[in-house]
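Each residue takes its place number in the sequence, starting with 1. As the structure is a prediction and not an experimental result, all values here were calculated from the model.
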Amino acid sequence: MWKFYDKIIDEIPDDLDAVIDFVHVGEVWTIVGAGEYVGMAVTVNEQDFDLFEFSGIANHDFLGMPLKDAACYCESWNFLEASIGTAALNAYLNSYHHLTDPKLFRGMSQKPNASNGFNDYKSLAAGKKVAVVGHFTKLEEYLTDSELYVLERKPQPGDFPDSACEYILPECDYAFITGSAFINKTLPRLLDIANNPIVLGPSTPMSRELFERGAIELNGFCPGPEIRHHAIEVATGIKFKQYGTALTLKSKP
């Protein structure tokens with residue numbers, strides 16, 4: 001199973017001259033910077049650690065660390081460490097430098113995406129049986145024409161527990177999967193059992209390996225350098241898209 005993660009980490013060059021110079025772990029988002037590279041991921045704190053105390057430890061441990069070494073923490077079972085590791089990974093993978101490499105993304109199409117991802121998928125999912133792993137903002141507003149199954153680790157009324165994925169995903173026509181599944185290590189299995197999986201959200205690593213595993217489309221985020229100056233408010237959950245570019249990457253038909 002770790003081969004999936006190892007291959008993604010190895011997309012970062014060993015000789016990349018970038019060290020961690022910024023780490024902010026917020027209640028909602030974690031932001032990591034390494035020179036020209038900036039990445040973000042959702043803060044997964046299922047172990048309920050004290051964020052203030054952890055942030056102090058994280059800054060001590062991660063500042064000055066090579067970006068690729070920090071990215072390796074995406075494999076940690078301490079999910080706060082994994083959030084930092086995923087943000088570090090995304091700092092490179094979701095950068096324009098990486099996404100414009102024709103050797104890596106030959107046969108793929110990409111475009112800026114200024115809209116809510118689900119709005120783009122409304123017609124695609126119309127009349128279909130659709131699973132959504134992880135809640136997204138105003139989800140029902142965009143997928144009202146679908147037979148919708150929402151699966152959540154902490155289910156709200158009408159949701160299914162995430163343990164139902166093994167039963168529901170294979171029966172659905174499409175599956176929209178939160179990028180945070182990469183952090184909690186459920187993504188490989190979800191990609192294996194889902195039909196036409198689409199991975200989305202700022203935590204999504206824009207990696208060809210996700211396509212090799214079965215994804216048909218990735219919808220991620222490339223933060224701009226200015227997000228560093230707004231990290232405190234962004235990390236608490238305010239709108240962040242004004243500080244970067246949402247990107248869609250998919251296989252060409």
Side-chain angles (χ1 to χ4, degrees), residues 1-26 29-47 49 51 53-99 101 103-105 177-192 199 201-213 215 218 220-223 225 227-228 231 235 249:
M1 191 68 73
W2 291 121
K3 289 182 179 179
F4 173 74
Y5 284 82
D6 291 341
K7 287 181 178 179
I8 295 174
I9 294 168
D10 280 342
E11 292 182 38
I12 302 177
D14 291 331
D15 60 354
L16 183 70
D17 184 17
V19 298
I20 303 298
D21 55 28
F22 182 87
V23 177
H24 184 81
V25 181
W29 300 109
T30 292
I31 301 168
V32 170
E36 65 181 285
Y37 301 100
V38 185
M40 64 187 294
V42 70
T43 301
V44 179
N45 190 20
E46 293 181 0
Q47 290 114 324
F49 291 118
L51 287 182
E53 179 180 352
F54 179 81
S55 293
I57 296 171
N59 274 278
H60 178 272
D61 291 347
F62 284 92
L63 289 179
M65 183 182 294
L67 180 62
K68 186 169 185 176
D69 290 352
C72 291
Y73 279 82
C74 70
E75 296 182 340
S76 175
W77 288 109
N78 176 327
F79 290 156
L80 283 178
E81 289 184 346
S83 297
I84 293 175
T86 301
L89 182 72
N90 289 345
Y92 182 80
L93 294 189
N94 294 15
S95 69
Y96 289 108
H97 177 80
H98 179 251
L99 292 173
D101 187 338
K103 295 179 182 177
L104 290 174
F105 294 104
I177 303 171
T178 172
S180 63
F182 182 83
I183 298 171
N184 66 27
K185 316 299 185 289
T186 59
L187 183 59
R189 181 58 182 164
L190 294 174
L191 292 175
D192 286 346
V199 187
S203 304
T204 304
M206 302 293 272
S207 166
R208 194 178 183 96
E209 285 300 319
L210 274 68
F211 291 99
E212 297 292 335
R213 196 77 183 214
L218 307 179
F221 188 69
C222 176
I227 202 170
R228 292 171 178 251
L249 184 64

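The nearest pair of heavy atoms linking Ala58 to Ile84 is CB-CD1, 3.6 Å. Nearest approach of Leu190 to Ala181, heavy atoms of both residues: CD1-CB, 3.9 Å. Annotation for Ser180 and Val42: closest pair CB-CG1, 3.4 Å, computed over non-hydrogen atoms. The shortest non-hydrogen separation linking Lys185 to Ala82 is NZ-CB, 3.7 Å. Scanning both residues, Cys222 and Ser95, for their nearest heavy atoms gives SG-CA, 4.2 Å. When all heavy atoms of Gly179 and Thr204 are compared, the closest pair comes out as CA-OG1, 3.6 Å.
Side-chain contact annotation: Asn45 with Thr43, donor-acceptor N/O pair under 3.5 Å absent.
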Are Ile9 and Cys74 close enough, and set up right, to give a side chain to side chain contact (heavy atoms under 4.5 Å, CB included), and what steps lead you there?
CA-CA 9 Å; Ile9 294 168; Cys74 70; 3.8 Å; yes

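Here Ile12 contributes atom CD1 and Leu89 contributes atom CG; the two are 5.0 Å apart, rounded to the nearest 0.5 Å. Phe221 CZ to Ile227 CD1: the interatomic distance, rounded to the nearest 0.5 Å, is 5.5 Å. To the nearest 0.5 Å, the span separating CZ on Phe22 from CG on Leu63 amounts to 9.5 Å. Note that the NE2 atom of His24 and the CE atom of Met40 stand 10.5 Å from one another [nearest 0.5 Å]. Atom CG of residue Leu16 and atom NE2 of residue His97 lie 7.5 Å apart, to the nearest 0.5 angstrom. The distance from atom CZ of Phe4 to atom CG of Leu210, rounded to the nearest 0.5 Å, is 4.5 Å.
Looking only at distances, a side-chain donor or acceptor of Tyr5 sits under 3.5 Å from a matching main-chain atom of Phe182. A donor-acceptor pair is defined here as one N or O able to donate and one able to accept, closer than 3.5 Å; no such pair exists between the side chain of Asn184 and the backbone of Phe79. Under a 3.5 Å cut-off, the side chain of Asp69 and the backbone N or O of Val19 do not form any donor-acceptor pair.
Proximity of Glu212 to Lys7: side-chain heavy atoms (C-beta onward) are nowhere separated by under 4.5 Å. Looking only at side-chain heavy atoms (C-beta outward), Phe62 and Val32 stay at 4.5 Å or farther from each other. Put simply, the side chain of Leu249 reaches to within 4.5 Å of the side chain of Phe211, judged on heavy atoms. Between Phe54 and Glu81 the shortest side-chain heavy-atom distance falls below 4.5 Å. Within the 4.5 Å cutoff, no side-chain heavy atoms of Lys68 are placed close to those of Tyr92. The closest side-chain heavy-atom distance from Ile31 to Arg228 is not below 4.5 Å.
The number of heavy atoms from other shown groups lying within 6.0 Å of OH (Tyr37) is above 12.
Not counting sequence neighbours, the partners of Ser83 by the side chain to side chain contact (heavy atoms under 4.5 Å, CB included) test are Thr30, Val44, Ile183.
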